[in-house]
Each structure stands twice: as C-alpha cells, then as structure tokens.
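Encoded as structure tokens, the structure appears first; notes follow it.
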Amino acid sequence: MIRRLYDWTIRMADHPRALWVLAFVAFIESSVFPIPPDVLMIPMILARPNRAWLVAAVAMIASVVGGLLGYAIGALAYEQIGQPILESLGKTDAMGEFSTRFNDFGFWAVLTAGITPFPYKVITIMSGWTGMPLATFIITSILARGLRFFLVAGLLLKFGSPIREFIEKRLGLMTILFVVLLFGGFYAVRYF
C-alpha cells in the first residue's frame, strides 16, 4: 500500500494541478498521511526550478495548516482518532512518559520533528494532546517546516538533479546530526 501511495505521489508531480496536489499531500502528511511532501516537491522543483520558492511556500503553508488539524486531533479527539494513528506508527509505549515531559521541551520537539525525518504528525497530535500553547506550536511549526522545505528548494536550485539522491537518502541524517550537535552545544553551555 505504501508503495502505491509513493508511486501516486510521484505521478502527481507532472499533473497540471501539481501545486494543489502538493498542498493536499503536505496538509494530510502533517496529521495522517505516511508519505512526506518532499517526494512530490523534488521532481516539481527539478522540472521547473523557477518555481522552487513557490513550491516550498505552498508546502510550508499547507503543512502548518495540516499541523493544526493534527493538533486538533490531539486536543479534541485523541482517544478516537489520535491514539489509533499513533498506535499504527508504533508510538504507544512511550506516550505516557512522553506526555509528562513534552511541554517542557515542546518548542524543541516541534522544531526537531518539523525539520527531520521524524514523523511530524506524531508531534502535531501530541502537541494538542498535551495542551502545548497554540501560539508556540504555530510559530515553531512555521520555523521548522519553512526551514526544511526552503532548504530542500535551495539545495535543488543550487545543485540541481545531482543533489536529489543526497536529499532523498542523506538529508534526514545530516539534519539529525545538526540537531544533535545543536542540543549538545546548548547542553555544554548550560552545564559546563
């Protein structure tokens, strides 16, 4: 099923209404869909580089609005909708402990999930479930999703098609490394 969804997403990159399809994919990926919008963004930007910033902006806006749906699922319908989604992603074991500490690190959790391969939908639902302040959630989501999508667009503009493999296979790892170094730096400054 995932492979069919992936293939459908790739085919939509050539569709005349590709920006609308991208907006739809970015929106639902933030709360329920398993395929990230990057899969659609990359071929769209490679095909029409002059629209790279527009593609990134559409992905960011739709993703943040979709994140609000995830937040609402967590806040209003966690047991009926949110919990089954998190269970399907295998995240139920850590939910109790995670929720008690989540809001202490809420900004960093949303930022990290928004720019790394960690499923953003998990954080959007958890943000609503734990009652993270909505303003913090929105601002951090804009920052994180903007950074991620505009970075992808910028790399594709600068390096073109050769960077595609790097983005698809290694950008997540590099972003995780960056976040680990960032947290390590904050920890070192605070405790040393």
_Is there a continuous path of hydrophobic side-chain contacts, each under 4.5 Å between heavy atoms, that joins Ile142 to Ile139?_
no

*asked:* Using the rule that Ile, Leu, Val, Met, Phe, Trp and Tyr join whenever any side-chain heavy atoms are under 4.5 Å apart, tell me whether Leu76 and Leu69 fall into a single cluster.
replied: no

_Among Leu147, Asp38, Leu157, which residue satisfies the side-chain contact (heavy atoms from CB on, under 4.5 Å) criterion with Val152?_
Asp38

*Within a strict 4.5 Å, meaning less than it, do heavy atoms of the Pro36 and Tyr120 side chains meet?*
no

*Hey, could you give me the CD1/CG distance between Ile42 and Leu156, rounded to the nearest 0.5 Å?*
6.0 Å

_Hphob cluster co-occupancy, Trp20 + Met41, side-chain heavy atoms under 4.5 angstrom_ = no

*Taking atom CG of Leu19 and atom CE of Met44, what is their separation to the nearest 0.5 Å?*
4.0 Å

*Taking only residues two or more places apart in sequence, or in another chain, which ones meet Phe137 in a ring-ring contact (aromatic ring centres under 6.0 Å, His included)?*
Tyr71

*Going through the distances and angles, do Val110 and Met132 end up as a side-chain contact (heavy atoms from CB on, under 4.5 Å)?*
CA-CA 10 Å; Val110 174; Met132 173 187 277; 3.7 Å; yes

Name every donor-acceptor pair, under 3.5 Å, that has one atom in a side chain of residues 49-68 and the other anywhere in the protein, sequence neighbours excluded.
{"residue": "Ser63", "atom": "OG", "partner": "Ser30", "partner atom": "OG", "Å": "3.0"}
{"residue": "Ser63", "atom": "OG", "partner": "Arg145", "partner atom": "NE", "Å": "2.8"}
{"residue": "Ser63", "atom": "OG", "partner": "Arg145", "partner atom": "NH2", "Å": "3.3"}

